[in-house]
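Residue numbers count from 1 along this sequence.
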Amino acid sequence: MTGVVGLLAGIRDVGRDRRRGGWSRFAYSPAELTLREWFLAEASRRSMDVEIDRNGLLWAWRRGIGGSLDDAVVTGSHLDSVPGGGQFDGPLGVASALTAVDLLDARGVAPTRPLAIVVFPEEEGGRFGEACLGSRLLIGDLHPDRALARTDADGITLAEALTAAGLDPSRVGRDDKTLSRISTFVELHVEQGRGLIDLDRPVAIGSSIIGHGLWRLTVTGQGNHAGATLMTDRRDPMVAAAAIVVAVRDTARAFSGARATVGRIQPTPGGTNVIPSRVDIWLDVRHPIDAVAEQIVTSILERARPLAASEGCEIALVKESYGGAVDFDQALRNRLAAVLPDAPHLDVGAGHDAGVLAERMPTAMLFTRNPTGVSHSPEEGVEDADAEAGAAALADVLEELLR
Ligand code: HGY
Ligand code: MN
Ligand code: MN
């Protein structure tokens with residue numbers, strides 16, 4: 001097998017998660033480090049100059065005339081995953097970018113401008129809790145000290161993970177030199193909804209991304225013994241947390257277009273025969289309008305406080321990460337539409353590094369049909385023919401942008 005399907009087949013067993021099912025490829029974990037090496041090897045095989053920048057982003061360059069790296073057209077995506085995720089969220093964009101380079105070579109396209117593929121670390125925030133960490137460090141949207149101090153579930157900091165991966169944490173931060181090289185960024189990604197199924201098309205162009213925030217809500221009560229503590233003597237944060245999770249769902253239902261999810265809940269200490277002393281709930285709240293996303297969280301807090309109080313518990317809320325709503329550059333979208341006239345335009349509910357870079361340069365997205373419409377799950381899928389169609393569409397777009 002060649003093309004996208006062949007490339008993805010070559011990494012299919014990297015990071016399989018036997019406990020959860022699906023794939024768990026956390027940033028700078030052995031699985032993702034293996035994928036990073038895979039990418040660098042595949043790019044080198046295509047005579048691309050590879051480098052790892054100060055923020056841990058991987059770059060593969062086809063230099064322009066005279067070896068120039070300026071005014072570059074850049075494509076790429078991420079390799080890290082959510083816990084127990086699918087195999088296409090991220091890697092499909094990277095494999096499609098490598099295949100698009102092959103297609104441009106086969107067409108004899110000899111661009112005068114540089115072409116690059118970039119791989120962003122920690123797009124999911126699955127290990128350190130900051131979504132789009134790599135791209136946000138690149139543009140200076142995330143302070144290095146905050147990022148480096150973030151810890152994973154084992155208490156390992158990003159600084160320690162970077163050091164273990166052979167990178168220098170002291171160099172992390174806004175990188176205007178790298179940003180100045182990029183004139184346009186286009187990311188291909190698996191669609192994470194049903195848009196293309198319902199429209200019966202293989203590839204779409206991105207219109208917008210809704211705003212996406214992560215908050216940590218901590219419920220504090222009284223830790224105690226599960227057997228020796230009478231029901232009348234308890235201040236159980238797990239009971240309060242359960243009521244709050246339902247309130248999160250009810251609040252979101254009251255705001256049209258809102259999404260609110262509790263996918264992660266963590267009792268401390270977490271013993272089977274222990275009433276927890278605290279429970280952490282992570283809120284993933286999204287809305288097309290940033291101010292409304294904030295309003296939703298305020299409403300959740302207003303409901304949560306009395307629910308906690310009725311169990312003799314208290315709550316505290318910390319905003320962990322926020323990516324604003326994005327409308328992709330209209331002029332660039334028009335150029336893509338001219339190249340791909342049959343491609344529908346989709347508003348998407350998932351966050352992407354392209355949404356972060358959109359703050360600093362014209363960016364666009366392409367989406368490849370997912371026949372299940374399910375993502376962040378092993379059920380995420382892409383048909384072989386659609387995978388190759390997506391790479392061909394990306395090659396068409398890159399050829400146009402490189403003119
Ligand atoms: O969560 C998201 O929207 C993306 O998959 N990181
Ligand atoms: Mn994802
Ligand atoms: Mn993704």
Worksheet entry | Side chain proximity check, D175 to L137, heavy atoms < 4.5 angstrom | no

Practice prompt. Return each pair, listed once, that meets salt bridge (charged side-chain N to carboxylate O under 4.0 Å, His left out) where at least one residue sits in residues 361-376; pairs must be two or more places apart or across chains.
Written response: D200-R369, R369-D386

Discussion item. Once salt bridge (charged side-chain N to carboxylate O under 4.0 Å, His left out) is applied, what residue pairs with a partner in residues 135-152 remain, sequence neighbours excluded?
Written reply: R127-D152, E130-R136, E130-R146, E130-R150, R136-D141, R150-E320

Worksheet entry | Those residues that, when tested against R113, pass salt bridge (charged side-chain N to carboxylate O under 4.0 Å, His left out) (two or more places apart) | D71

Item to complete: Determine the sole option in L340, V73, V339 for which the side-chain contact (heavy atoms from CB on, under 4.5 Å) test with E400 is passed.
Response: V339

Practice prompt. With sequence neighbours excluded, give me every ring pair (Phe, Tyr, Trp, His ring centres under 6.0 Å) pair touching residues 65-93.
Written response: H78-H189

Item to complete: Identify, with sequence neighbours excluded, every residue that meets ring pair (Phe, Tyr, Trp, His ring centres under 6.0 Å) alongside W38.
Response: none

Worksheet entry | Set of residues satisfying salt bridge (charged side-chain N to carboxylate O under 4.0 Å, His left out) with respect to D168, sequence neighbours excluded | none

Practice prompt. Applying side-chain hydrogen bond (donor to acceptor under 3.5 Å, both in side chains), name anything that partners S299, two or more places apart in sequence or on another chain.
Written response: none

Fill in: With sequence neighbours excluded, residues passing salt bridge (charged side-chain N to carboxylate O under 4.0 Å, His left out) with D13
R16

Practice prompt. Determine, for W61 and R181, whether the Lys NZ or Arg CZ falls below 6.0 Å from the six-membered ring centre while staying within 45 degrees of the axis.
Written response: yes

Worksheet entry | Contacts of E42 that satisfy salt bridge (charged side-chain N to carboxylate O under 4.0 Å, His left out) - sequence neighbours left out | R45, R46

Worksheet item: Pairs in or reaching into residues 377-403: which pass ring pair (Phe, Tyr, Trp, His ring centres under 6.0 Å), with residues at least two apart or in two chains?
Response: none

Item to complete: Mind checking ring pair (Phe, Tyr, Trp, His ring centres under 6.0 Å) for F185 and listing every partner two or more places apart, or none if nothing turns up?
Response: F120

Worksheet item: Applying ring pair (Phe, Tyr, Trp, His ring centres under 6.0 Å), which residue pairs with at least one partner in residues 366-387 are found, sequence neighbours left out?
Response: H352-F367

